[in-house]
Structures are given as C-alpha cells and as structure tokens.
Amino acid sequence: HSVLPPPLSSSHYTHEFLRLYACLTLTIGYITHRSRLVNDHRSRKIICEAFVVCYATQAGVLGRAQVSQPVLHGFVGVCCILCSVGLSFFYAVTRFNGSIKVFELPCMDEKARV
C-alpha cells in the first residue's frame, strides 16, 4: 500500500526524492544527537561528520537510482553522484585530516579547549 496518490506512487523520481529526504532527515537527527552537549570546536567536527554521512548516503541513493534506471538519469545523474562523492570526500578530509585550529574560533580561550 502506498501513501501517495497513484500517479506519484509508481514514479521512480518520487521514490528517489523520498530517499534523498530521508538522508537529510537522518543527518539532522545525527547533528542533533551528537551536538546536544557540546558548545565548542568539537561541535564543528560533529557537523563535518554529519555532512560526510549526508553526502555519502546521497551518493549511494543517487548511484542506486542511476544503476536501476540509467536512461532516466544519464549525464546529469552522474554529475550529481560525482558532486555528492566530492562533497563527502571534502568534508571527510576536513574532519579527519584537519588540525584543531581549523575548528576553533579566534576568540576561544584556553579554558574552552579540551
């Protein structure tokens, strides 16, 4: 049974957008859960982690859609997948290879650093 009306329930694009929305919802939940007790540079690291998760899962969803119906997606679908992978890689490199200075504000004092 589908919650969507018949013209939308069988649409491949509808399912794809619902999956992408679920990726974003998962990411917002991750941000909320991880940053609830943190108010310093660690929160910036958590946000980077969340964006890695978000863009990696989006790339997975877009890749699945590309494989399942390549005719409908074509070159634009490949470009979207590459953008998602690139953004995920960028945030992963920033998070896991970045120094602590990348995440600190200039006005942070020594007591706030842990």
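Hydrogens, waters and symmetry mates are skipped; everything else that's a heavy atom, side chains included, is used.
Following chains of ILVMFWY side-chain contacts shorter than 4.5 Å, one can reach V85 starting from V61, so the two form part of one hydrophobic cluster. F17 and Y21 end up in different hydrophobic clusters when Ile, Leu, Val, Met, Phe, Trp and Tyr side chains are linked at under 4.5 Å.
For the atom pair I81 CD1 and R64 CZ, the distance stands at 12.5 Å (nearest 0.5 Å). T27 OG1 to I47 CD1: the interatomic distance, rounded to the nearest 0.5 Å, is 12.0 Å.
Counting only heavy atoms from C-beta outward, the side chains of L62 and L20 approach each other to under 4.5 Å.
Under the side-chain hydrogen bond (donor to acceptor under 3.5 Å, both in side chains) criterion, no residue pair touches residues 78-93, with sequence neighbours excluded. Within the structure, side-chain hydrogen bond (donor to acceptor under 3.5 Å, both in side chains) contacts touching residues 48-58 (residues at least two apart or in different chains) are Y30-E49, E49-R95.
In terms of heavy atoms, V52 sits closest to A92 at CG2-N, 3.2 Å.
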